[in-house]
Amino acid sequence: NAGVTQTPKFRILKIGQSMTLQCAQDMNHNYMYWYRQDPGMGLKLIYYSVGAGITDKGEVPNGYNVSRSTTEDFPLRLELAAPSQTSVYFCASSPGTANSPLHFGNGTRLTVT
Amino acid sequence: QQQVKQSPQSLIVQKGGISIINCAYENTAFDYFPWYQQFPGKGPALLIAIRPDVSEKKEGRFTISFNKSAKQFSLHIMDSQPGDSATYFCAASKAFNKFYFGSGTKLNVKP
């Protein structure tokens with residue numbers, strides 16, 4: 001059981017470039033989430049999905065897009081990278097049932113210069 | 001608007017001491033309050049969680065105290081150990097849907 005797998009671990013982008021952060025889970029969880037973590041700011045929800053084909057905005061969705069074509073995968077797309085998107089990105093999944101916690105990946109550290 | 005407020009931002013405790021981290025929330029619809037522990041280079045992992053129908057939950061050296069009327073909850077780490085040095089996040093959720101996190105507390109337990 002790999003749990004939640006995020007790729008890449010590190011990435012440096014130039015302003016205006018685009019990229020996709022990959023997230024896959026093998027626990028058959030319906031719910032998946034993208035968070036960004038900035039120093040002293042905690043974790044902010046970017047987008048989430050309650051099942052394949054269903055996505056919704058979180059607290060800080062601007063500049064990002066997501067899709068959920070399968071239960072396993074939930075990629076996060078940055079179209080025009082900006083320095084404000086420099087952060088550590090975490091993907092998480094959950095069964096969405098009572099008392100079920102979030103299971104996090106180990107993150108992608110993104111720097112935009 | 002921050003849904004969950006956490007304090008302190010950082011905490012230094014001597015080995016064997018008690019570490020206390022506090023959180024407050026506004027939305028009375030929240031019905032699940034987990035605490036997560038994060039080590040450098042890793043994602044957060046669930047430590048302990050509580051529902052609002054109980055005032056305290058204890059698992060080993062970790063205890064959550066919950067005050068529904070004050071809309072506050074706290075994490076107590078008894079007999080703190082150097083291995084407990086990590087960043088701790090409180091969180092709140094409604095119907096196990098979206099989870100809102102506090103800003104984190106960096107705990108350093110000195111030997």
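What you see is a predicted model; the values in this text were computed from it and never measured. Below, all heavy atoms of this structure are taken into account, side chains as well, without hydrogens, waters or symmetry copies. Letters go in sequence order (proteins before strands), and every chain restarts at 1.
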Inset, instruction - Enter the distance from A/Q37:CD to B/Q38:CD here, rounded to the nearest 0.5 Å. - result: 4.0 Å

Inset, instruction - Answer with yes or no whether the hydrophobic clustering places A/L13 together with A/V60; edges join I, L, V, M, F, W, Y residues whose side-chain heavy atoms lie under 4.5 Å apart. - result: yes

Inset, instruction - State plainly whether one hydrophobic cluster holds both A/V88 and B/F89, where clusters connect Ile, Leu, Val, Met, Phe, Trp and Tyr through side-chain heavy atoms under 4.5 angstrom apart. - result: yes

Legend entry - Value rounded to 0.5 Å, distance of CG in A/L45 from CD in B/Q3: 11.0 Å

Inset, instruction - Give a yes or no on whether B/Q9 atom CD has more than 12 heavy-atom contacts from other residues, nucleotides or ligands under 6.0 Å away. - result: no

Legend entry - Shortest non-hydrogen contact between B/G43 and A/N106, atoms and distance: N-OD1, 3.3 Å

Legend entry - Atom group of A/V50 that falls short of 4.5 Å from chain B, counting heavy atoms: side chain

Legend entry - B/Y36 (side chain) donor-acceptor with A/L102 (main chain) under 3.5 angstrom: yes

Inset, instruction - Could you have a look at B/G104, B/P44, B/S10 and say which one has the most heavy-atom pairs with chain A under 4.5 angstrom? - result: B/P44

Legend entry - Joint cluster assignment, B/Y88 & B/I20, ILVMFWY side-chain distance < 4.5 Å: no

Legend entry - More than 12 heavy atoms from other groups under 6.0 Å of CD1 on A/I15: yes

Inset, instruction - Kindly compute the distance separating OH (A/Y35) from CZ (B/F99), expressed to the nearest 0.5 Å. - result: 7.0 Å

Inset, instruction - Working to the nearest 0.5 Å, report the span between CG of A/L43 and OG of B/S103. - result: 10.5 Å

Legend entry - Which atoms of B/P34 approach chain A - backbone, side chain, both or neither, heavy atom under 4.5 Å: neither

Legend entry - Shared hydrophobic cluster for A/Y33 and A/Y89 (ILVMFWY, side-chain gaps under 4.5 Å): no

Inset, instruction - Mind checking the CZ-NZ spacing from A/F104 to B/K42? Nearest 0.5 Å is all I need. - result: 15.0 Å

Legend entry - Side chain to side chain, B/Y100 and A/K44, heavy atoms closer than 4.5 Å: no

Inset, instruction - Consider only side-chain heavy atoms of I, L, V, M, F, W and Y, link residues closer than 4.5 Å, and tell whether B/Y32 and B/I64 are in one cluster. - result: no

